[in-house]
Amino acid sequence: GENVEQHPSTLSVQEGDSAVIKCTYSDSASNYFPWYKQELGKRPQLIIDIRSNVGEKKDQRIAVTLNKTAKHFSLHITETQPEDSAVYFCAASAGNQFYFGTGTSLTVIP
Amino acid sequence: DSGVTQTPKHLITATGQRVTLRCSPRSGDLSVYWYQQSLDQGLQFLIQYYNGEERAKGNILERFSAQQFPDLHSELNLSSLELGDSALYFCASSPGTGGLGEQYFGPGTRLTVT
C-alpha cells in the first residue's frame with residue numbers, strides 16, 4: 001500500500017518568514033495530493049490540493065509543488081502569520097483511499 | 001461549519017465494551033470516510049462508503065465495522081474496546097466516489113477507553 005512520509009514533524013518560524021513542509025509517497029498510482037490544516041481541537045480543513053498532471057499550484061500565500069518522478073510534494077507558506085500556526089497534514093490518494101502523513105506542527109513566532 | 005455532523009462529541013467507556021459513532025454527511029454528499037486520529041499516529045484512514053456500499057478499506061481492525069444507511073448517514077461500530085482505541089474519530093464526506101476533490105470533515109468524536 002501507499003506510504004506517506006512527512007517532514008519536519010515540528011517547525012518554528014518568525015512571523016513574515018517562509019515555511020516549507022515536505023512529503024514523499026511510495027505509490028506511483030497516487031494522483032491527488034491534498035494538504036489539510038488542523039487547528040488545535042478542530043477538524044482538518046483543506047487548504048490546497050494538486051493533481052498529478054500539474055507541477056505547481058498557488059493560492060495567495062500558499063503554494064504546493066509536485067515532483068512525480070521523485071515522488072515528493074511540498075507545501076510552501078510565504079509571509080507567515082501567527083494564525084498560520086497549526087498542524088499541517090499532507091495526503092496522497094490513489095483511487096478511493098487516502099493516506100495521510102504524520103503531520104507537521106507549525107509555530108509562527110510573532 | 002463543514003455541514004458534517006458527528007455524535008456523540010465525547011464518549012468514555014471501559015475496556016471490552018462496544019460503542020457506536022454516528023456521522024451525517026453534508027447534504028448531497030454520497031461518500032463517507034472514517035478516520036482515526038491518535039496522538040502518535042496522525043490521521044489513519046479506516047473505511048469509505050459510497051451510496052451505501054463499501055468502496056475502500058484502510059487500516060481498520062476486525063473489531064471495527066461500519067455501515068452507511070439509505071439516508072446516507074453512517075455508523076462506526078467499535079467492539080471489544082482496548083485502551084489503545086482511545087482516539088479522536090473523524091468522519092468526512094465528499095460528493096463523489098472519492099480519490100479527487102475535497103473531503104469535508106466533521107468535528108470528531110473523542111473516545112476515551114478506561
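In what follows, every chain begins at residue 1, and chains take the letters A, B, ... in the order their sequences are listed.
- Heavy atoms of Gln45(A) lying under 4.5 Å from chain B are absent altogether.
- Phe100(A) and Phe73(A) are members of different hydrophobic clusters when ILVMFWY side chains are connected at heavy-atom separations under 4.5 Å.
- Connection of Leu88(B) to Val19(B) is not established within any shared hydrophobic cluster, with ILVMFWY side chains joined at heavy-atom distances below 4.5 Å, either directly or through further cluster members.
- In this structure, Arg43(A) and Phe90(B) approach most closely via the heavy-atom pair CA-CE2, 3.8 Å.
- Once rounded to the nearest 0.5 Å, the distance linking CD of Glu102(B) with CD1 of Ile48(A) reads 12.0 Å.
- Pro44(A) touches chain B through backbone and side chain together, each having a heavy atom under 4.5 Å away.
- Counting heavy atoms from C-beta on, the side chains of Gln37(B) and Phe89(A) come closer than 4.5 Å.
- A ring-ring contact (aromatic ring centres under 6.0 Å, His included) with Phe98(A) holds for exactly one of Phe45(B), Trp34(B), Tyr33(B), Tyr35(B); it is Tyr33(B).
- Atom CD of Glu79(A) has 12 or fewer heavy atoms from other residues, nucleotides or ligands within 6.0 Å.
- For chain A, no part of Tyr104(B) is nearby; none of its heavy atoms comes within less than 4.5 Å.
- When the shell of 6.0 Å around CD of Glu62(B) is examined, it contains 12 or fewer heavy atoms from other residues, nucleotides or ligands.
- In Arg110(B), the CZ atom is not crowded: 12 or fewer heavy atoms of neighbouring residues, nucleotides or ligands sit closer than 6.0 Å.
- Residues Tyr36(A) and Phe105(B) bring their aromatic ring centres within 6.0 Å.
- Other residues, nucleotides and ligands place no more than 12 heavy atoms under 6.0 Å from the CG atom of Leu40(A).
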